[in-house]
There are 2 protein chains.
Amino acid sequence: MVRIKDIAKEAGVSPTTVSNVIHGNTKKVSKSNIDKIQKILEEHQYIPSMSALMLAQNRSRLIGVLIGGVDGKRRSIEGDPFTSIMLSALELEIYRKNYYMLFHMSSTSEESWKLAATWKVEGLITLGLTAEQNIELQKRCQIPLVSIDNYYEGRERAENIGLQDFEGGFKMGNYLIENGMKKILFLSDNDIGVDHERWLGLQRAAKENGSVLAKHWIMPIKQEFQMQWLKDQLEEICKWDALFFASDRYAQEGILVLQDMGIRVPEDISVVGFDDSPYAKMCRPQLTTVRQDVMKKGKMVVKKLMSLIKEEPFDGEERLPVELVVRDSVQNRE
Amino acid sequence: MVRIKDIAKEAGVSPTTVSNVIHGNTKKVSKSNIDKIQKILEEHQYIPSMSALMLAQNRSRLIGVLIGGVDGKRRSIEGDPFTSIMLSALELEIYRKNYYMLFHMSSTSEESWKLAATWKVEGLITLGLTAEQNIELQKRCQIPLVSIDNYYEGRERAENIGLQDFEGGFKMGNYLIENGMKKILFLSDNDIGVDHERWLGLQRAAKENGSVLAKHWIMPIKQEFQMQWLKDQLEEICKWDALFFASDRYAQEGILVLQDMGIRVPEDISVVGFDDSPYAKMCRPQLTTVRQDVMKKGKMVVKKLMSLIKEEPFDGEERLPVELVVRDSVQNRE
DNA sequence: GTGAAAGCGCTAACAC
DNA sequence: GTGTTAGCGCTTTCAC
């Protein structure tokens, strides 16, 4: 590995001069030296050593990306196409900004903090942590942190990029109501954050139409049990006009369970999802859902983080818009 | 950030002694000092600085994970649940071995090499690069490299962990033949590496049964065009007894296209896939497929890389076994 | 315009 | 058992 010292020797100048040329501080360097040094730099394919840079400048150019899961399991990443698209969006943007991505599946805040400290990470992006975990991490690390898809209730909060979940639920709610649904059941595996907001949106839509009943049921969080649970509830579920699942994946499973039991979608019951993931098109009927732009979300996350690191104002959206996508899983009831 | 020097001062010893205690070289350190130092270390939550460590020891504890794509696009990561599961498996294992994961979506070998050199990465794991790209990268970087799911034809090769793809194709081929299929069509979007081997396996099975016809058709590589292409070929496709798709995702799309056109699976035509991805269970009929264990593959990749780094022999499998999973998408023809 | 020298936090060889 | 010291590759201050 060729070092600045070697380049300097070959050019017959001091390391300082070479360093200046590398960094474009060429005001006080003679033209001839600039050219000579640049040529040698090229020839030897000089690559700076990050370790030395880190030590000398006390910055790492590293962004830590932390993915959490429910009770230490890798929930968010498995089977969920969004996580991988998000990861790819993040890396793309991080690299574009001349940073590097250190990736970790975080289990405890302790562990995450150690990682960040060990590597003097300049910023942290988290996905799949709870609001509390983010706040704790933020406190310990004292570095810019942007969470994805969190909602903060109290006064303590972390910076966050998310969606207009409430509006998404509201839009879908209105669409269902316009199509004559009188009884709408919202299904998710929790009642916090994103899913809660989507539910609130639906609820608002229902309230604005006195005659519509909306309710929220919580499914088991473990995937293995969900389909069985749906089967068990079948009789009750069939009493509703429409099922609004908090994500496409669940909606697709829901449709399969219904169809397996001989219930027709959307003739007997309408089913909708949220996200517009690849799953939405890969079922029959194709799923009516709410679209989010994951690539854009990732881009915004990195933009936000950069503005935090550089202490510049952020001119972007913290809650990205969503859009209703009408396909075939809803049938008008009027 | 507290440094070794600070700890040493507080304990009234030299930095060397502290360093020794940290690294467990306590043969020549007095018991009282060990205790005292460990206590102070605890109190101050001492965290070593990676930059200094890297510089002093000339090693980074970093593993670079490179994900490539077709013509610079993020092919392998999007919509493909395997990439994200693999990523999670890799990170889990890397961290377990006390290394850290630097993640990059590589577009050119130049870029990847620079990344590896800048960070003095101790090993490289690649996914979705071509055999040629891996060989080139290997040559430039001169560090341990393990590719995933590649096949190397010539004498130049990189270390690799993959599947028994040929056997998988062969097993499935035999299963189809046992079920009376006389004409089997294999469908993939390329004819190299993994897909080629799976096809060879099927071909062998067909050859061992003189009366069975097997053929291989190549679909367009762009996902947007695949379903349309399948529709266009429908008439020809229906002449076959069974369709063997190189992956579950394609199989699921195939089933949807067939069903949309009024063709029954498996009554009119049998369809099978490969991978046993989440998609396999999320279609009707549920897919008969060949299962691979992605978590195990990821584990093996890291194990192989570690053995390369430590220059120890590797006692593991380079081609992991696969297993036939019979579900409902094949109907006996006899 | 250019270069010498100190220092970033740590390790390891060696002296005591 | 313990401490001194040089050095890893680079930046930065300051002197020339």
Side-chain angles (χ1 to χ4, degrees), chain A residues 1-38 40-41 44-62 98 100 114-122, chain B residues 1-38 40-41 44-62 98 100 114-122:
Chain A
M1 204 75 276
V2 55
R3 301 155 304 171
I4 283 195
K5 207 200 267 185
D6 305 320
I7 307 284
K9 202 182 218 172
E10 188 165 333
V13 298
S14 77
T16 309
T17 306
V18 177
S19 174
N20 280 330
V21 170
I22 290 172
H23 294 90
N25 303 326
T26 46
K27 288 168 233 157
K28 312 168 108 192
V29 184
S30 68
K31 183 84 176 69
S32 67
N33 266 348
I34 296 180
D35 293 344
K36 197 199 303 176
I37 292 170
Q38 248 150 7
I40 303 180
L41 245 20
H44 288 58
Q45 301 232 59
Y46 171 76
I47 302 252
S49 150
M50 275 316 279
S51 43
L53 255 156
M54 279 167 84
L55 200 53
Q57 307 199 121
N58 199 31
R59 47 177 308 208
S60 63
R61 307 219 66 97
L62 236 29
N98 273 309
Y100 300 89
K114 273 195 183 157
L115 185 93
T118 305
W119 285 99
K120 282 193 183 55
V121 151
E122 294 188 42
Chain B
M1 207 73 277
V2 55
R3 301 155 303 172
I4 282 194
K5 207 199 268 184
D6 305 321
I7 307 282
K9 203 181 216 173
E10 190 165 332
V13 298
S14 78
T16 308
T17 306
V18 177
S19 175
N20 280 330
V21 170
I22 290 172
H23 293 90
N25 303 328
T26 46
K27 287 167 236 159
K28 316 167 105 192
V29 184
S30 68
K31 183 84 177 71
S32 67
N33 267 348
I34 296 179
D35 294 344
K36 198 200 301 177
I37 292 170
Q38 247 151 8
I40 303 179
L41 246 21
H44 288 59
Q45 302 232 58
Y46 170 77
I47 301 256
S49 151
M50 273 318 277
S51 42
L53 255 157
M54 278 167 83
L55 200 51
Q57 308 202 119
N58 199 32
R59 45 177 310 209
S60 64
R61 307 218 66 97
L62 238 27
N98 274 307
Y100 301 89
K114 273 194 184 158
L115 186 92
T118 305
W119 285 98
K120 283 194 182 53
V121 152
E122 294 188 42

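Lettering follows sequence order; numbering is per chain, from 1.
In this structure, B:I37 places its CD1 atom 11 Å from C1' of D:dG1, rounding to the nearest Å. For the pair A:R3 CZ and D:dC8 C1', the computed distance is 9 Å after rounding to whole Å.
Summary for the helix from C:dG1-D:dC16 to C:dC16-D:dG1: the axes at its two ends, each from 5 pairs, differ by 50° when rounded to the nearest 10 degrees.
In this structure, the side chain of A:R61 engages the main chain of A:N98 through a donor-acceptor pair within 3.5 Å.
Counting heavy atoms from C-beta on, the side chains of A:I4 and A:Y46 come closer than 4.5 Å. Side-chain contact check for B:I7 versus B:E10: every heavy-atom pair is 4.5 Å or farther apart. Side chains of A:L62 and B:W119 form a contact here, defined as non-hydrogen atoms less than 4.5 Å apart.
Place A:M1 and B:V13 on DNA chain D by their nearest nucleotides, and B:V13 ends up nearer the 5' end.
Less than 4.0 Å separates DNA chain C from at least one heavy atom of each of the following residues of residues 14-36 of chain A: A:S14, A:T16, A:T17, A:K28, A:V29, A:S30, A:N33. If you check residues 47-62 of chain A against DNA chain C, the residues with a heavy atom closer than 4.0 Å are A:L55, A:A56, listed by number. Within residues 4-12 of chain A, the residues that have a heavy atom under 4.0 Å from DNA chain D are, in order of number, A:I4.
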Contacts under 3.5 angstrom, residues 16-30 of chain B side chains, donor-acceptor by atom type, not counting sequence neighbours:
| from | atom 1 | to | atom 2 | distance (Å) |
| --- | --- | --- | --- | --- |
| B:T17 | OG1 | B:S14 | OG | 3.3 |
| B:N20 | ND2 | B:T16 | O | 3.4 |
| B:H23 | ND1 | B:S19 | O | 2.9 |
| B:S30 | OG | B:S32 | OG | 3.4 |
| B:S30 | OG | B:N33 | N | 3.3 |

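Annotation: the span from A:R3 atom CZ to A:S49 atom OG amounts to 11.0 Å, rounded to 0.5 Å. Expressed to the nearest 0.5 Å, how far CE of A:M1 lies from OG1 of B:T118 amounts to 8.5 Å. A distance of 3.5 Å separates NZ of B:K31 from CG of B:D35, quoted to the nearest 0.5 Å.
Looking at every heavy atom in both residues, A:A8 comes nearest to A:P15 through CB-N, 3.6 Å. Contact detail for B:A11 and B:I37: the closest heavy-atom pair is CB-CG1, 4.1 Å. A pairwise comparison of heavy atoms in B:K120 and A:S51 identifies NZ-OG, 4.4 Å as the closest pair. When all heavy atoms are compared, the tightest approach of A:H44 to A:V2 is O-CG1, 3.5 Å.
Residue pairs that meet the salt bridge (Lys or Arg N to Asp or Glu O under 4.0 Å) test with at least one member in residues 51-60 of chain B, sequence neighbours left out, are B:R59-B:E122.
Close to C:dG9, at under 4.0 Å from its OP1 or OP2, lies no side-chain N or O of B:Y46.
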